[in-house]
Amino acid sequence: SAASAQGRVAVRFEDSMHERAEHHARTELALRRALTAGELVVHYQPIVDVADGTVLGVEALVRWERDGRLVPPLEFVPVAEASGLIGALGAHVLREACRQSARWRAQGHDLLLSVNVAAGQLVDGGFVDVVERALAESGLPPDRLCLEITESALVAHGAGGQDTLLGVEALGVRLAVDDFGTGYSSLAYLRDLPVTEIKVDRGFVAHLGHDPRDTELVASVVAMGRALGMAVVAEGVETQQQLDALRALGCDMAQGYLLGRPGPAARLEPLLRGTAMLGRSA
Ligand code: C2E
Ligand code: MG
Ligand code: MG
Ligand code: MG
């Protein structure tokens, strides 16, 4: 009967709710251990100058080395956010990435380091101190660090988040809007927050050179970035055609599999030969 079918659906629904809760609890426990066991590692993806291919920076992307498998962030960052572990996870990534960047810097590579920040880190009152300490410990100059925050996190952060962002700005750190164009938010935050970079979501980059509407949208973001003094970075560049289109549009920087996949620090080093070198007096 319809009623018993509905009952079965309800039972299955409860089962799956229960399974999800169990899965979440297991992941949280394992993640807590992973943090102290050093299983959370940082990979780096190059960010290049669209005009000439110079590597201008890297984005730090966290991975979990779990039982010989490399777990992508989308499988555990949300768990960290929901369980209050995001502060510890974020601080770990920030310290590790600043340390690695300072190492590259000591080798003469003048790179901009981008680190992703979750909404939950902004409302935690200690975040500005965490950033300040990571910079002090590593010796990385503040203007070589860029914090990436998604549009949705910028909108969700509230007043406490805004104070935090002004606090990191006061340190001299840069601020990027990540996944730009996907957040269903107003442009007010570009006016009100100390944004220095706009990262155009790869959804708008995918059809560049094919879809004239995407081309016009990216052209508008480039124009807006220029007018507001913000650098524009295109995400998810996978083809030469996309890169050529970005160059024609005057986009500043690009990131994507075409230019380099994320990898451990050592795997990035051959690419760094093409970076801007720090001027060194003889
Ligand atoms: P995101 O910050 O937008 O990072 C870019 C994502 O796009 C990365 O996925 C990168 O591997 C992927 N990607 C780069 N180039 C291409 C391309 O050409 N094609 C395609 N299809 N993808 C490309 P990943 O590493 O899986 O990270 C996913 C998201 O997880 C990140 O998106 C970021 O929001 C979050 N995330 C990563 N690391 C951290 C972290 O340390 N802290 C926090 N809070 N979030 C992080
Ligand atoms: Mg990012
Ligand atoms: Mg992004
Ligand atoms: Mg993204």
Side-chain angles (χ1 to χ4, degrees), residues 31 34-35 39-48 57-65 69-101 112-124 127 130-131 134 145-154 156-157 161 164 174-183 195-208 221 231-243 246 253-264 267-268 271:
L31 190 56
L35 263 165
E39 290 173 13
L40 292 182
V41 297
V42 183
H43 281 194
Y44 300 89
Q45 183 177 32
I47 300 175
V48 310
V58 293
E59 178 171 1
L61 296 159
V62 69
R63 272 96 181 89
W64 180 358
E65 284 178 346
R69 182 177 160 241
L70 209 55
V71 185
L74 294 180
E75 286 181 35
F76 63 90
V77 168
V79 176
E81 280 223 64
S83 55
L85 287 172
I86 194 66
L89 184 153
H92 171 76
V93 171
L94 195 62
R95 293 178 62 188
E96 181 56 37
C98 285
R99 212 178 292 146
Q100 179 58 56
S101 226
L112 185 64
L113 168 68
S114 288
V115 178
N116 293 287
V117 175
Q121 291 174 265
L122 295 181
V123 290
D124 165 7
F127 184 68
V130 167
V131 174
L145 176 65
C146 179
L147 300 176
E148 296 193 358
I149 304 173
T150 62
E151 277 187 318
S152 18
L154 280 174
H157 68 8
T164 303
R174 302 166 66 90
L175 177 65
V177 181
D178 206 346
D179 303 347
F180 183 80
T182 61
V195 173
T196 55
E197 290 179 43
I198 300 172
K199 297 193 78 172
V200 180
D201 190 73
R202 70 166 186 265
F204 300 100
V205 174
H207 307 292
L208 272 187
V221 178
V232 177
V233 186
E235 302 191 274
V237 178
E238 296 183 352
T239 70
Q240 187 61 46
Q241 188 175 22
Q242 291 162 355
L243 187 62
L246 289 166
M253 294 182 252
Q255 178 180 358
Y257 295 163
L258 177 73
L259 305 156
R261 289 188 176 253
R267 231 174 58 206
L268 203 86
L271 280 176

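Computed from a predicted structure; not experimentally measured. Atoms within each ligand, like the ligands themselves, are counted from 1 in listed order.
Within the 4.0 Å heavy-atom shell around ligand 1 one finds P262. At least one heavy atom of R63 sits under 4.0 Å from some atom of ligand 1. Heavy atoms of E238 come nearer than 4.0 angstrom to ligand 1 in at least one pair. Judged by the shortest distance from any of its heavy atoms, E59 lies inside the 4.0 Å radius around the atoms of ligand 1.
A donor-acceptor pair is defined here as one N or O able to donate and one able to accept, closer than 3.5 Å; such a pair exists between the side chain of E151 and the backbone of T182. The closest donor-acceptor contact from the side chain of T150 to the backbone of D178 lies at 3.5 Å or more, if one exists at all.
Within the 4.0 Å heavy-atom criterion, the part of Q45 lying near ligand 1 is the side chain and not the backbone. Within the 4.0 Å heavy-atom criterion, the part of D178 lying near ligand 1 is the side chain and not the backbone. At a heavy-atom cutoff of 4.0 Å, ligand 1 is contacted by no atom of Q255, backbone or side chain. Within the 4.0 Å heavy-atom criterion, the part of V93 lying near ligand 1 is the side chain and not the backbone. Counting heavy atoms closer than 4.0 Å to ligand 1, residue D179 contributes side-chain atoms (C-beta onward) but none from N, CA, C or O.
Of the listed options N116, L94, T182, N116 places a heavy atom closest to atom 45 (N) of ligand 1. Comparing L61, V205, V117 by heavy-atom distance to atom 10 (C) of ligand 1, the nearest is L61.
Of all N, O or S atoms in E235, the one lying closest to the Mg ion (ligand 3) is OE2. The N, O or S atom of E59 with the smallest distance to the Mg ion (ligand 2) is OE2. The N, O or S atom of D179 with the smallest distance to the Mg ion (ligand 3) is OD1.
The distance from the CG atom of L259 to the CE atom of M253 is 13.0 Å, given to the nearest 0.5 Å. Taking CG of L70 as the reference point, atom CH2 of W64 lies at 12.0 Å (rounded to 0.5 Å). Interatomic distance, D179 CG to I149 CD1, rounded to the nearest 0.5 Å: 12.0 Å. Atom CD in E235 sits 5.5 Å away from atom CG in D201 (nearest 0.5 Å). Within the model, atoms CG of L61 and CZ of R261 stand 13.0 Å from one another, a figure rounded to the nearest 0.5 Å. Taking CG of L122 as the start and CG of L154 as the end, the distance is 7.5 Å to the nearest 0.5 Å.
Between V62 and ligand 1, at least one N/O pair is under 3.5 Å apart.
Taking every non-hydrogen atom of V237 and a distance limit under 4.0 Å, the qualifying atoms of ligand 1 come out as 18 (O). Against a heavy-atom cut-off of under 4.0 Å, P73 is close to the following atoms of ligand 1: 24 (P), 25 (O), 26 (O), 27 (O), 28 (C), 30 (O), 36 (N), 37 (C). Proximity to E235 (heavy-atom distance under 4.0 Å) selects the following atoms of ligand 1: 3 (O).
When side chains are defined from C-beta on, R63 does not count as touching P72, because their heavy atoms never get closer than 4.5 Å.
With 2.8 Å as the limit, D178 counts as an N, O or S neighbour of the Mg ion (ligand 3).
Counting non-hydrogen atoms of neighbouring residues, nucleotides and ligands closer than 6.0 angstrom, the CZ atom of R99 exceeds 12 such neighbours.
Around the Mg ion (ligand 2), the angle linking E148 (OE1) with N116 (OD1) is 100°, rounded to 10 degrees.
Using a cut-off of 4.0 Å between Lys/Arg side-chain N and Asp/Glu carboxylate O, E148 and R174 are scored as not salt-bridged. Residues R69 and E75 are paired through a salt bridge, judged by an N-O separation under 4.0 Å between the basic side chain and the carboxylate.
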